[in-house]
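Everything on this sheet refers to the single structure shown next.
Reckoned from all heavy atoms, side chains included, excluding hydrogens, waters and symmetry mates. Keep in mind it's a predicted model, so treat the numbers as computed, not measured. All residue numbers in this chain count up from 1 along the given sequence.
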Amino acid sequence: MSTVLLHKENGVGYITLNRPDKYNSYNREMAIALQAYLDDCEKDEVIRCIYITGAGKGFCSGQDLSEAMNPTPEEFERIVAENYNPTILRLRKIEKPIIAAVNGVAAGAGANIALACDIVVAAENASFIQAFSKIGLIPDSGGTFFLPRLVGMQRAAALMMTGDKVTAAEAAAMGMIYKCFADDAFHHESKKMATMLAQMPTRGIGLTKRLLNRSFSNDLHQQLEMEKEQQALAGSTDDFREGVQAFLEKRKPIFKGK
């Protein structure tokens, strides 16, 4: 059975973590497959939005501990360097919108993989757990980078040190995720969002993502300069011309992602 599935439809690359009997715990095979499918979706010009979810009742429960029972320090470094860091860097580098559709528990690295995506939505029964402290580890997969920026240093520290479970509704209220949907509406609403994003001006969205990535390290002057440069690029796209023309003609624009 494939540990990750890819289905393409209406400009969306639907990636499903597929170890439902293990709550989609993350192992080396899954890491390699996920990275390959992300590369595939990045290169495919037809795909203009990426949607990541989990099979069964969980999104991703984090590292499969059967692969890390008694690792040496060198093995710990290899697991993080090969399985997790490249995944997180791909999620941020791909200049297409990426939705994490969290259908159930997202624990440990599974939570942080979700938080590295551009937009996180969750079903009402989903939850987020920084589970690392429960087994004496530290948060990886970009958790110490993204979570403080989403919820603030104080709350991030508490969640990481205590390992407390955060419900989807609580995550939305504290700004950790974008939206929480009722369980029976989750798949419809999250896929509707993906389809809508796949019809948006992809190049402009990609440039927006580029700016957001740099906003973590730029000062205001640098960010304003970069906005000036990226706006010039956005203004040279076919989608900008179509957007203006559609506005003048009082019709809905038809963006091609170019």
Spatial distance of atom CG (L115) from atom CZ (F145) [nearest 0.5 Å]: 12.5 Å

Would you give me the side-chain donor-acceptor pairs under 3.5 Å for residues 32-42, sequence neighbours excluded?
| from | atom 1 | to | atom 2 | distance (Å) |
| --- | --- | --- | --- | --- |
| Q35 | NE2 | E82 | O | 3.2 |
| Q35 | NE2 | N83 | O | 3.3 |
| Q35 | NE2 | T87 | OG1 | 3.0 |
| D39 | OD1 | R90 | NE | 2.8 |
| D39 | OD2 | R90 | NE | 3.4 |
| D39 | OD2 | R90 | NH2 | 3.1 |
| D40 | OD1 | K8 | NZ | 2.6 |
| E42 | OE1 | K93 | NZ | 3.3 |
| E42 | OE2 | K93 | NZ | 3.0 |

Residues E242 and K252 bridged, charged N to O under 4.0 Å: no

Non-hydrogen side-chain atoms of M176 and F128 separated by less than 4.5 Å: yes

Interatomic distance, C49 atom SG to Y14 atom OH [nearest 0.5 angstrom]: 7.5 Å

Derivation and outcome, side-chain hydrogen bond (donor to acceptor under 3.5 Å, both in side chains), residues N112 and Q130: CA-CA 8 Å; N112 293 335; Q130 293 291 324; 2.8 Å; yes

Flag if over 12 foreign heavy atoms under 6.0 Å of CE, M161: no

Same apolar cluster: L6 and Y26, side chain cutoff 4.5 Å: yes

Minimum side-chain heavy-atom gap L5-S2 below 4.5 Å: yes

I88 with V120, same ILVMFWY side-chain cluster at under 4.5 Å: yes

Cation-pi check, K191 onto F186 ring (under 6.0 Å, within 45° of axis): no

Taking every non-hydrogen atom, the tightest pair across L211 and Q223: O-NE2, 3.0 Å

Transitive ILVMFWY side-chain link M174 to L147, under 4.5 Å: yes

Euclidean distance, T208 OG1 relative to Q231 CD, rounded to 0.5 Å: 8.5 Å

R78 atom CZ: more than 12 heavy-atom contacts under 6.0 Å: yes

Between E9 and H7: side-chain donor-acceptor atoms closer than 3.5 Å: yes

Connected via hydrophobic side-chain network under 4.5 Å: V105 and V166: no

Test salt bridge (charged side-chain N to carboxylate O under 4.0 Å, His left out) applied to R92 and D118, step by step: CA-CA 8 Å; R92 296 314 312 161; D118 299 306; 3.0 Å; yes

Sub-4.5 Å side-chain heavy-atom contact between F132 and I138: no

Salt bridge (Lys or Arg N to Asp or Glu O under 4.0 Å) partner of E95, chosen from R48, K43, K209, R203: R203

Worked verdict on S190 versus Y51 for side-chain contact (heavy atoms from CB on, under 4.5 Å): CA-CA 9 Å; S190 61; Y51 175 105; 2.7 Å; yes

side-chain hydrogen bond (donor to acceptor under 3.5 Å, both in side chains) between E249 and Q245, worked out: CA-CA 6 Å; E249 296 174 0; Q245 194 64 32; 2.6 Å; yes

Backbone of G257 reached by a side-chain donor or acceptor of D239 within 3.5 Å: yes

Any side-chain heavy-atom pair of I50 and I94 under 4.5 Å: yes

K57 (side chain) donor-acceptor with Y23 (main chain) under 3.5 angstrom: no

Residue pair Q199, F255: steps toward the side-chain contact (heavy atoms from CB on, under 4.5 Å) verdict: CA-CA 6 Å; Q199 297 171 356; F255 296 117; over 6 Å; no

side-chain hydrogen bond (donor to acceptor under 3.5 Å, both in side chains) evaluation trace for D164 with T162: CA-CA 5 Å; D164 284 347; T162 65; 3.2 Å; yes

CG on L159 to CD on E170, rounded to 0.5 Å: 9.5 Å

Nearest-0.5 Å distance that lies between atom CG in D183 and atom CG in N103: 10.0 Å

Shortest non-hydrogen contact from E124 toward A168: O-CB, 4.0 Å

Side-chain touch T16/V4, heavy atoms, less than 4.5 angstrom: no

Between CD1 on residue I52 and CD1 on residue I15, distance to nearest 0.5 Å: 5.0 Å

Over all atoms of both residues, closest heavy-atom pair of L197 and I99: CD1-CD1, 3.7 Å

Within one Ile-Leu-Val-Met-Phe-Trp-Tyr cluster: L207 and I98, side-chain cutoff 4.5 Å: no

Minimal non-hydrogen separation, I205 against P97, with atom names: CG2-CD, 3.8 Å

Salt bridge D64-R19, side-chain N to carboxylate O under 4.0 Å: yes

Closest contact, heavy atoms only, S141 versus Y84: OG-CD2, 3.2 Å

I254 CD1: over 12 foreign heavy atoms closer than 6.0 Å: no

Stepwise side-chain hydrogen bond (donor to acceptor under 3.5 Å, both in side chains) test for R210 and Q230: CA-CA 9 Å; R210 184 184 297 179; Q230 304 309 306; 3.0 Å; yes

Passing candidate, side chain to side chain contact (heavy atoms under 4.5 Å, CB included) with L224, options M226, Q222, H221, E227: E227

V244 side chain near L248 side chain, heavy-atom distance below 4.5 Å: yes

Any side-chain heavy-atom pair of S127 and T167 under 4.5 Å: no

Pairwise side-chain contact, H188 with K192, heavy-atom cut-off 4.5 Å (strictly under): yes

Heavy-atom pair of closest approach, residues A114 and V102: CB-CG2, 4.0 Å

side-chain contact (heavy atoms from CB on, under 4.5 Å) assessment of E189 paired with V121: CA-CA 9 Å; E189 293 297 331; V121 295; over 6 Å; no

